[in-house]
Every structure is written in C-alpha cells, then in structure tokens.
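Numbers restart at 1 for each chain; the letters A, B, ... are given by sequence-line order, proteins then strands.
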Amino acid sequence: MSPNDLLENIFDKFLQDSHVFKNREVLHPDYVPDNLPHREEQTRRIGNILAPVLRGSRGSNIFIYGQTGTGKTAVIKYVLNRLLQKGREIGAPIEVSYINCRLAGTEYRVLARMSGNVGLRVPFTGLATAEVFDRFKIVLGSRGSLLVVVLDEIDSLVKAYGDVLLYELTRINEGLKESRVSIVGISNDLHFKEMLEPRVLSSLGEEEVIFRPYTAPEILDILLQRSTAALLDDVLTEGALNLCSALAAAEHGDARRALDLLRVAAELTEREGKQRITEDEIRLAQNEIERDRVVEVLKTLPLHSKLVLFGAYLITKASIKNSVTGDIYEVYRELCTVLGTDPLTQRRVSGIISELDTMGVLNSRIVSLGRYGRTKKVSLGIPRGVVRNVYSEDHWVGQLVGYAPKCLSNKE
DNA sequence: CGTCCACAGGAATGACGGGCGG
DNA sequence: CCGCCCGTCATTCCTGTGGACG
C-alpha cells in the first residue's frame, strides 16, 4: 500500500464523520467527472478527431471556443485521459501536454512546460526562446512518439506575444520524421481568430468545436448530479440548489461558478455545524469567493502597485470623488517619500492603474474634461475596508494605515 | 471654431537578475 | 569565471486626442 492510499483511508474516515460531505473531491475545481452531462456531442467529436493518434497518425489540429465554465477544459482533459489509457492498453506511444497559457504567462514558460512534459528539463530563464524550441524539436524527433499539445486560454498568449509560437508549432511536423504533433487550442475569446495570421488560422482551425453556454436547466442538472455524489442526502435544500444554478446561469451559464458556489457553501455549512445548505449559505459563499479572490490579488501585488492602490484608498477615505491619474500620482509620490522609496514615473503609474483596472480592484475610465484635459477617472473597485484590512498586515504598506496625505488636505 | 489641457498609450532604450557555453 | 543573451520591468520620449473655454 502506498503512502497515498494510507492517507486516503485516514481522510475517508475523517470524511465519514462529516455531516455534510459524502465525497468532497467531487466538488474540487480540478475534478474531472466520469461523464460530462450535456457535453456528449463535443466529447464524441473531439474523440473522433484525435482517435487517429491511436493508429500512429496525426490527428487534426483543433480549435475549441467557448466561454468560461462551459466544460471545455473538463472535456479535453477527459478525452486526454481516455486517450492515454487506451494508448497504454495497445502500446501506442502517445504523450499529452496540457498547458494553461494564462497561468504559464509567457511564451517562454509555455515552451518550457511543453518541454518538461516530454522529458526535457529547461531552466526558468537564461535561454533564448528559439533555443528551447530547437531542443524541443530534437527531443521530440528522437522519441518517435505522438504528442497532443493542449494550449488552454491560448488567447491570452497570442494577445501578449503574437502567434509566432503557434506558427512554429503548426509547422513542426514538417521537420520531424517519426514524431507527430497535434495541437488543440482553447480560447474563450470570440475575437481570438482575428488575431491570427491566415496561415496559422488555417492550420489550427482544421477542426473547430464550439461549446455553448449551459442553459439554466442544464446547470441545474449538473449541480444535481455532482451534489448527489458529493453531499450526504438531504443536506442540500431545493431553494439553495435553485439559487445556485440561477446565479450561475445569470453569469453566462458558467458551470464552474455554480460548482464553486456549492462547494464553498458546503464548507461553510460544515464549519458552522449546520445541518442543511440553504439559500443563505449560497449567498454567503458568493461573498466569500469574491473576497478571497480580491484578498489574494491585493497580497501578491508588487510594492508600487500596492502603493498606487493604497493611494486610491486614501483618496476615497478622504471622501474625495472624481480623482484622476494626476491626483493618484500626487498621493502616490507622497507615500513613497514617507516610506523613503524612489517613486516610479507617471507613465508607469498610469500603466499600473490600467493593470489594477483589468484586475478589477480599481475602476478607471477615460474621460475628457475638455479645457481641463483628458485623463482617467479612477475609483476603488472594491470595498474600502478590504484594502485597509489586507494592508494593515503588510510589511511595508502597513505603516501607512491611518496616514493622512498632506496633498489632500488643501483640496475640498 | 480653433486652441490647448492633462493626460493616454506606443516605441525605443536601459538596468537587472539569471543561465549558458566555452 | 567571463562574456553573452534572454525576459522583465521601468524610464524616456513621443505623438495622439475629446471637448470646455475663449
């Protein structure tokens, strides 16, 4: 018995004492269920397209489109698992590489992870991207295997770095004798295709699979199925179930959202020692999810981004409305002086404000004040208290909690 | 109706930390 | 160990611009 099984038993035993969960795992975000309801068609199609690799020939490249929480990742992972399993049974040299491009971040890191998946170790940094790509090709050529590369959230990579890597990938087979590479690109941006060059598009888009958002009844169905597997009988009230699917359906049919809500609500119910999950728990879960996301973001920000955000917080606290980039920068500079840090330029701070905006912690929108210029109007995108709470524990920013910027006192 | 503010945001360039091959 | 090249983040310099004011 492996140590894992040992723990599995301990955990299972622990779980049996739970008055909420039957099997906690089923609601875990990464859990891939044995069957994916309402996605049979897509599963079948992708299976059909990739099946040729079992016989040693390359499958077509696939482009998958669908919004978040429509089951793209779950379906592809499910198909990959089954493909690997079948491959092992019949001794086909199949390898798969699943990469989330947004999490990987850069072209280089995507390539590095792809290389890692075929057994090529590359350093975090220091090598030219082209160099890693050459090595990757060499290893691939020497292995004589069939590789299925899945590039999830590929749009974020192409937006930031262009489609050069994609182009090189689609071309890779030309230079290989034995190995074959199939590419599966997953995107949730409809306009992604417009960012690709025609030659890349035609190659990647050999096959196209579209995942439509789940309808409200479908989400209800998924929730029902998962909750019966995950939770003890009679724990989930009908009202909670309905609210949960309604909230997720409103969010463009996002099933992941629904499952997150249910999981957090269930954990909450267990912690509180309550017997049933009601609509209240679902609502609390909704708040908790949002707050956790924000807290995580605020904590991991670089120092100067924190200071910019904290500046916006101080301005809001002084009940000044309509702050613009210049006001934020002024306060930010003062904060830097207090901390004895060199301030960044306004150009950079402007960029940081935009970054914070896309993260959703600031709201900024470009306005023209006519004679008084054109700028970004900035306001906090999250509750004031959250900023204070998170940063009062911060090593650097913590000193500034309660600080009243001088440059604000002579404004109204 | 033109002007001109207060920036936006693109492009080029530099500083820095890090791995590589010799 | 050195010189080289890389990715990342920041700086510098720049051109672009919506609309109130005169």
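- Looking at A:H304 and A:T341, their side chains never bring a donor and an acceptor atom within 3.5 Å of each other.
- Counting only distance, with no hydrogens or angles, the side chain of A:N61 and the backbone of A:S203 share a donor-acceptor pair below 3.5 Å.
- Within residues 363-381 of chain A, the residues having any heavy atom under 4.0 Å from DNA chain B are, by residue number, A:I366, A:G370, A:R371, A:Y372, A:G373, A:R374, A:T375, A:K376.
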Below 3.5 Å is the cut-off: list the nitrogen or oxygen pairs between protein and nucleotides 9-11 of chain C, distance only.
| from | atom 1 | to | atom 2 | distance (Å) |
| --- | --- | --- | --- | --- |
| C:dA10 | OP2 | A:R348 | NE | 2.8 |
| C:dA10 | OP2 | A:R348 | NH2 | 2.7 |
| C:dT11 | OP2 | A:T345 | N | 2.9 |
| C:dT11 | OP2 | A:T345 | OG1 | 3.0 |

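- In this structure, the side chain of A:N23 engages the main chain of A:E25 through a donor-acceptor pair within 3.5 Å.
- Counting only residues at least two apart or on different chains, the side chain to side chain donor-acceptor pair (under 3.5 Å) pairs with a member in residues 390-401 of chain A are A:K306-A:D394.
- Judged by distance alone, the side chain of A:Y78 and the main-chain N or O of A:D34 form a donor-acceptor pair under 3.5 Å.
- A side-chain donor-acceptor contact under 3.5 Å links A:Y332 to the backbone of A:L344.
- Formation of a donor-acceptor pair under 3.5 Å by the A:E218 side chain with backbone atoms of A:T215 is found in this model.
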